[in-house]
Amino acid sequence: MTLSATSNGLSASQGEAVRIDGKAIARSLTEDIRQKVDHLVQQGHGLPGLAVVLVGNDPASEVYVKNKALQTHRAGMRSFMHMMPESTSEAELLKLIADLNANPQIHGILVQLPLPKQLDPSVVTNAIDPAKDVDGLGEVNTGRLALGMTGGMVPCTPLGCLKLLQSVHTDMTGMHAVVVGASNLVGKPMAQLLLRENCTVSIAHIHTRNIQELTRQADILIVATGKAGLVRGDWIKPGATVIDVGITRVPTSGGKSRLVGDVVFKEACHVAGHITPVPGGVGPMTIACLLHNTFQAASQSFLAEE
Ligand code: GUN
């Protein structure tokens, strides 16, 4: 297959959907943030700081948080990692969050999900100061997004998906966007962002009847279910833009494994107009948007000091 790379992070081969290169778009966003951080420092401000908290030892979460720390350094910002044991109590975690809220070197706080079962994620996310809630998952930032207010923190994965869509569509007005998956982390905020772009938005979930009938009407299809290979080629409207948020490790022959999305890529790429690969699509954008939110939080804090 011959692929041709272009400067806008899109690549295509004949007769196939154009691939949206999330890796390239994320790299350019991170570089842009790094330059803005340099500019802040030249103006005499401190470095933006991001605290990432991991409770327990879920191997996938460990990989994610290490990658977040690495990318934070790459963007020229300070990274603070807090690893807590699986048995951490709510009081212990809330005490750490209170300390991070009060620490002026820290502008963004992220508590990696999922949490061990004794910890209620909504209590934990709501304990984070809304000005440092770079995940945008607390009630204040969720409410701001739902009310269409600007200046709030937008959850990183849906924000990354939006930036990928904007690399393809300069105007989404009137397009039918179908979001498959109604989670607080991705599906619901994604739907709010698409509404803000003047799309007609449908949300499909586990109880949706005739789901394929709905997805086949989508000009924009966002899939965030965590069910590997759920969406087949015949679920997709010809020419649609498909954003695959899913990332699941599946075993392959020979005792190896590979990462796959919620969309069967080898079918979808013959039907869609544009599509994100897995890996290399949404994943790198989530981290780039976390850096973007941390930079935004730090800038707002420096402005408030002036
Ligand atoms: N786990 C998987 N994705 C995310 C995310 O975007 N934020 C947090 N806090 N945890 C996650």
Side-chain angles (χ1 to χ4, degrees), residues 22 26 29-30 50-72 79-84 86 88 93-94 96-97 100-101 106-117 119-130 132-142 145 152-164 179 181-193 222-228 243-249 259 261-262 276 278-279 281-294 296-297:
L29 187 60
T30 305
L50 170 66
V52 174
V53 181
L54 175 64
V55 186
N57 25 38
D58 175 59
S61 292
E62 276 176 13
V63 173
Y64 291 142
V65 299
K66 279 184 188 147
N67 213 358
K68 283 170 184 171
L70 184 74
Q71 296 300 329
T72 305
S79 163
F80 301 82
M81 286 278 279
H82 294 269
M83 310 292 233
M84 302 185 87
E86 183 82 25
T88 300
L93 183 54
L94 294 184
L96 172 64
I97 293 173
L100 298 174
N101 281 341
I106 287 169
H107 305 95
I109 303 169
L110 177 143
V111 178
Q112 185 69 21
L113 302 174
L115 288 167
K117 55 185 180 316
L119 301 169
D120 178 343
S122 71
V123 170
V124 171
T125 47
N126 282 313
I128 298 170
D129 177 348
K132 297 190 179 189
D133 174 23
V134 284
D135 243 344
L137 298 176
E139 288 167 0
V140 171
N141 285 305
T142 301
L145 181 60
M153 294 287 170
V154 176
C156 307
T157 300
L159 183 59
C161 294
L162 179 68
K163 288 182 187 294
L164 294 176
V179 180
S183 68
N184 291 339
L185 196 60
V186 185
K188 287 180 199 157
M190 188 73 241
Q192 298 287 2
L193 286 174
I222 314 276
V223 190
T225 65
K227 288 195 186 342
I243 306 287
D244 189 353
V245 181
I247 183 154
T248 307
R249 187 163 287 284
L259 294 171
D262 292 355
T276 55
V278 176
V282 174
M285 290 302 290
T286 297
I287 301 189
C289 289
L290 174 65
L291 304 176
H292 166 90
N293 283 353
T294 304
Q296 184 189 321

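Atoms within a ligand are numbered from 1 in the order they appear, just like the ligands themselves.
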In residues 106-116, what donor-acceptor pairs under 3.5 Å come from side-chain atoms, sequence neighbours left out?
from   : atom 1 : to    : atom 2 : distance (Å)
His107 : ND1    : Gly49 : N      : 3.0
Gln112 : OE1    : Lys68 : NZ     : 2.7

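- Between the Asn101 side chain and the Ile128 main chain, no donor and acceptor come within less than 3.5 Å of each other.
- In this structure, Asn141 contributes its side chain and Met153 its backbone to a donor-acceptor pair below 3.5 Å.
- In this structure the side chain of Leu70 never reaches within 4.5 angstrom of the side chain of Thr72, judged on heavy atoms.
- The backbone N or O of Glu139 sits less than 3.5 Å from a side-chain atom of Asn126, completing a donor-acceptor pair.
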Just list the N/O pairs, ligand 1 to protein, that are under 3.5 Å apart, with the distance for each.
from     : atom 1 : to     : atom 2 : distance (Å)
ligand 1 : 1 (N)  : Gln112 : NE2    : 3.2
ligand 1 : 1 (N)  : Leu113 : O      : 2.9
ligand 1 : 7 (N)  : Asp135 : OD1    : 3.1
ligand 1 : 7 (N)  : Asp135 : OD2    : 3.2
ligand 1 : 9 (N)  : Val111 : O      : 2.8
ligand 1 : 9 (N)  : Asp135 : OD2    : 2.5
ligand 1 : 10 (N) : Leu113 : N      : 2.9

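- Listed for the Asn293 side chain is no donor-acceptor partner under 3.5 Å among the backbone atoms of Ala297.
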